[in-house]
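Every heavy atom of this structure was used, including side-chain atoms; hydrogens, water molecules and symmetry mates were not. Count residues from 1 along the sequence. All ligand and atom numbering here is 1-based and tracks the order in the structure.
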Amino acid sequence: MNVSIIGTGYVGLTTGACLAYLGHHVTCVDTDQSKIERLEGGEIPIYEPCLKELVQDARPNIKFTTAYEEAIPQSEVVFIAVGTPTGQNGAPDLRYLQAAAYNVGDCLRGEFTVVVNKSTVPIGSGNWVGSLISERAKAAFSVASNPEFLREGAAISDTLYPDRIVVGSDCKKTAALLYTLYRPIIEQSFSAPRYLPRPEGMGAVPLISADLASAELVKYAANAFLALKISYINEIGCLANRVGADIEQVAKGIGLDRRIGNRFLQAGIGWGGSCFGKDTAALVATAKEYGLEMPIVEAAREVNQAQRERAVNTLLRELKILKGRTIGLLGLAFKPDTDDLRDAPALDVARKLLERGARVRVHDPIAMERSRRENPSLALCYCETAEEVACGADAVMLMTEWLEYRDLKWEVMAEYMKSPVVLDGRHMLNRARMEKAGLNLISLSS
Ligand code: UDX
């Protein structure tokens with residue numbers, strides 16, 4: 001099928017590359033000329049495992065352009081995957097979505113085009129986008145919602161091997177077209193990329209066909225649930241710390257109950273990233289428009305913010321004074337396998353430490369360059385290695401769960417440090433091993 005993707009961020013680029021890999025003819029559109037030039041030249045502007053290889057493999061089927069008219073007229077399906085950043089009062093800023101809808105409307109020429117909202121948009125946006133396109137369109141179209149559930153760092157795997165595909169549409173023809181588009185994924189009939197084998201036991205992928213509003217709400221409800229699962233384990237973690245219980249054992253003990261499940265129960269500094277904060281804020285804002293409160297979702301947000309404060313307070317209690325201390329942070333990205341720094345807990349903690357007069361040394365395997373670029377006014381001391389971070393440090397805080405930090409030569413780290421305090425903000429370090437290395441391992445406490 002002929003497909004256009006508007007927006008070449010994480011979602012757009014991943015979707016485009018995967019659909020092209022499956023054999024569809026994909027044109028990616030972005031208004032950022034330099035980004036399009038880099039993509040045309042084979043460069044991938046974001047760090048995402050396997051994306052470069054996938055784009056290379058799919059190269060004959062994928063084009064990049066800044067011109068809507070080169071893409072939309074011949075497309076059977078148009079995905080809108082533009083950014084929807086948080087605007088005022090927590091509601092998303094829909095400027096880019098509006099511009100994309102008008103541009104698509106101007107260029108529609110096909111017999112029947114399905115326009116798919118892939119961006120996370122407030123409930124009711126499907127109808128809104130439809131009305132915007134109608135103002136301009138001279139050809140038949142229908143709007144569908146097809147929320148994405150991809151995690152950064154695992155975006156390709158989540159797209160090719162998803163738990164489910166959700167399609168929201170009030171029109172049978174639209175649902176049928178999207179079924180055809182996704183058929184290779186639904187039936188898992190494509191040959192798996194050599195660098196990303198099909199997970200063992202992977203069967204057919206369930207397709208949820210729903211109305212527009214339901215599909216839109218699925219996305220928010222899923223992300224809010226994951227966010228509150230993390231905040232819940234963090235709240236229990238605080239109590240565990242007080243009563244002398246081990247939160248990892250508690251998480252294991254509850255996670256083996258299949259009704260609860262063991263994923264997203266990793267306690268620590270909490271969630272960051274572009275989705276959980278934005279989507280929970282949007283859910284609360286939408287509910288407010290309808291005169292509803294969302295106390296559970298709001299509590300999840302408060303607990304998450306409190307974890308960052310708690311990290312600094314835990315260190316203050318341990319070191320007594322933060323002013324003039326040297327603190328090392330391991331990890332800057334909001335999670336491993338990405339250089340994304342949006343709402344990264346590490347940066348928040350770094351700011352709080354700097355405000356209290358500490359010196360902050362940082363390391364991240366891939367996000368340092370981006371951090372330097374995006375935070376020019378933050379007086380961080382960037383270190384090439386984790387060992388360098390430890391040099392003269394009064395404490396080291398593990399902020400991002402990069403596996404390489406678990407496997408560091410902690411004996412060497414201990415030698416470099418001024419005092420042997422390590423705060424494990426992700427519960428990934430082994431206590432016995434750390435003690436053997438002469439380190440005092442502490443976790444977040446209230
Ligand atoms: C999330 C959703 O998982 C995905 O389905 C949606 O489409 C986009 O938002 P993402 O933000 O990429 O994906 O990352 P995710 O893996 O969900 O992690 C989010 C944050 O939660 C990270 O900061 C991570 O470190 C943290 N986290 C995750 C925990 O603190 N504990 C956990 O148990 C899991």
Side-chain angles (χ1 to χ4, degrees), residues 9-12 14-15 46-49 51 81 83-84 86 117-121 145-159 161-166 215-216 218-237 247-248 250-252 254-255 260-283 300-301 303-308 310-311 330-349 364 367 398-403 405 424-428 443-444:
Y10 280 97
V11 175
T14 304
T15 307
I46 51 175
Y47 177 86
E48 181 60 43
L51 184 56
T84 50
T86 303
N117 260 341
K118 194 81 178 159
S119 308
T120 304
V121 291
S145 162
N146 171 218
E148 54 74 27
F149 302 103
L150 57 87
R151 290 161 302 163
E152 286 178 25
I156 308 298
S157 171
D158 286 350
T159 307
Y161 310 122
D163 289 342
R164 78 303 205 184
I165 293 176
V166 177
E216 287 167 349
V218 165
K219 170 71 194 206
Y220 284 107
N223 269 357
F225 189 82
L226 292 170
L228 68 92
K229 211 173 166 190
I230 299 169
S231 283
Y232 176 75
I233 201 67
N234 283 337
E235 190 167 279
I236 296 291
I247 190 59
E248 286 166 63
V250 175
K252 202 168 175 187
I254 64 173
I260 297 173
N262 59 8
R263 294 170 71 185
F264 279 70
L265 285 180
Q266 186 67 45
I269 186 87
W271 38 267
S274 68
C275 287
F276 287 170
K278 180 168 76 99
D279 293 353
T280 50
L283 198 56
R301 290 172 56 77
V303 169
N304 196 57
Q305 273 315 110
Q307 287 303 89
R308 300 174 182 194
R310 215 162 255 150
L330 293 179
L332 286 171
F334 82 95
K335 62 182 268 188
D337 291 324
T338 178
D339 64 348
D340 197 337
L341 294 159
R342 283 177 288 179
D343 196 20
L347 285 176
D348 234 5
V349 168
D364 188 284
L398 193 146
M399 292 283 99
T400 312
E401 59 275 38
W402 287 99
L403 276 185
Y405 292 146
D424 183 359
R426 294 293 182 177
H427 285 282
M428 71 181 291
S443 44
L444 298 187

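- The protein heavy atom nearest to atom 5 (O) of ligand 1 is Phe149 O, 2.8 Å.
- Considering only non-hydrogen protein atoms, atom 22 (C) of ligand 1 sits nearest to Phe334 O, 3.5 Å.
- In terms of polar-atom proximity, Ser274 is not counted as a contact of ligand 1, lacking any N or O under 3.5 Å from an N or O of the ligand.
- Among protein heavy atoms, the minimum distance from atom 15 (P) of ligand 1 is reached at Lys335 NZ, 3.6 Å.
- Checking only distances, Gly272 does come within under 3.5 Å of ligand 1, N or O to N or O.
- At under 3.5 Å, not a single nitrogen or oxygen of Ile230, backbone or side chain, sits near a nitrogen or oxygen of ligand 1.
- Rounding to the nearest 0.5 Å places CD of Glu152 at 7.5 Å from CD1 of Ile46.
- At the shortest separation from atom 3 (O) of ligand 1 among protein heavy atoms lies Arg151 CG, 3.3 Å.
- Of the polar atoms of Leu226, none of the N or O atoms is found under 3.5 Å from an N or O of ligand 1, judged by distance alone.
- Looking at Arg151 and Asp337, no side-chain N of the basic residue comes within less than 4.0 Å of a carboxylate O on the acidic one, giving no salt bridge.
- Here the CG-CG distance, from Asn304 to Leu228, works out to 11.0 Å after rounding to the nearest 0.5 Å.
- Ligand-side atoms of ligand 1 in range of Phe276: 1 (C), 2 (C), 3 (O), 9 (O), 17 (O), 19 (C), range being under 4.0 angstrom from any heavy atom.
- Numbered from 1 in the order shown, with element, the atoms of ligand 1 that lie under 4.0 Å from a heavy atom of Lys219 read 6 (C), 7 (O).
- The distance from the CZ atom of Phe264 to the CD1 atom of Ile230 is 5.0 Å, given to the nearest 0.5 Å.
- When each of Ile236, Leu226, Val303 is tested with Ser231 by the rule side-chain contact (heavy atoms from CB on, under 4.5 Å), just one qualifies, namely Val303.
- For ligand 1, the atoms closer than 4.0 angstrom to any heavy atom of Arg426 are 25 (O), 30 (O).
- Interface atoms of ligand 1 facing Gly270, defined by a heavy-atom separation under 4.0 Å, are 30 (O).
- For the residue pair Gln266 and His427, the shortest heavy atom distance occurs at NE2-O, 3.3 Å.
- In terms of N/O distances under 3.5 Å, ligand 1 is approached by Leu265.
- One distance of note links CH2 of Trp402 with CG of Leu330; it measures 12.5 Å at 0.5 Å rounding.
- Given atom 33 (O) of ligand 1, the protein heavy atom at minimum distance is Gln266 N, 2.8 Å.
- Heavy-atom contacts of Glu148 reach the following atoms of ligand 1: 7 (O) (cutoff under 4.0 Å).
- Near Glu152, meaning under 4.0 Å from any of its heavy atoms, are these atoms of ligand 1: 12 (O).
- The two residues Pro345 and Gly272 have their closest heavy-atom pair at CD-CA, 4.1 Å.
- Residue Leu150 places at least one N or O, backbone or side chain, under 3.5 Å from an N or O of ligand 1.
- Within 6.0 Å of OH on Tyr232 lie no more than 12 heavy atoms contributed by other residues, nucleotides or ligands.
- Around the CD atom of Glu401, the shell of radius 6.0 Å holds more than 12 heavy atoms that belong to other residues, nucleotides or ligands.
- Below 3.5 Å of separation, one finds an N or O of Glu401 facing an N or O of ligand 1.
- The shortest N or O to N or O distance between Trp271 and ligand 1 is not below 3.5 Å.
- Across every non-hydrogen atom of Thr338 and Tyr47, the tightest pair is CA-CD2, 3.9 Å.
- Closest approach of Lys219 and Phe149 over heavy atoms only: CA-CE2, 4.1 Å.
- Which parts of ligand 1 touch Cys275 is read off a 4.0 Å heavy-atom cut-off, strictly below it: atoms 8 (C), 9 (O).
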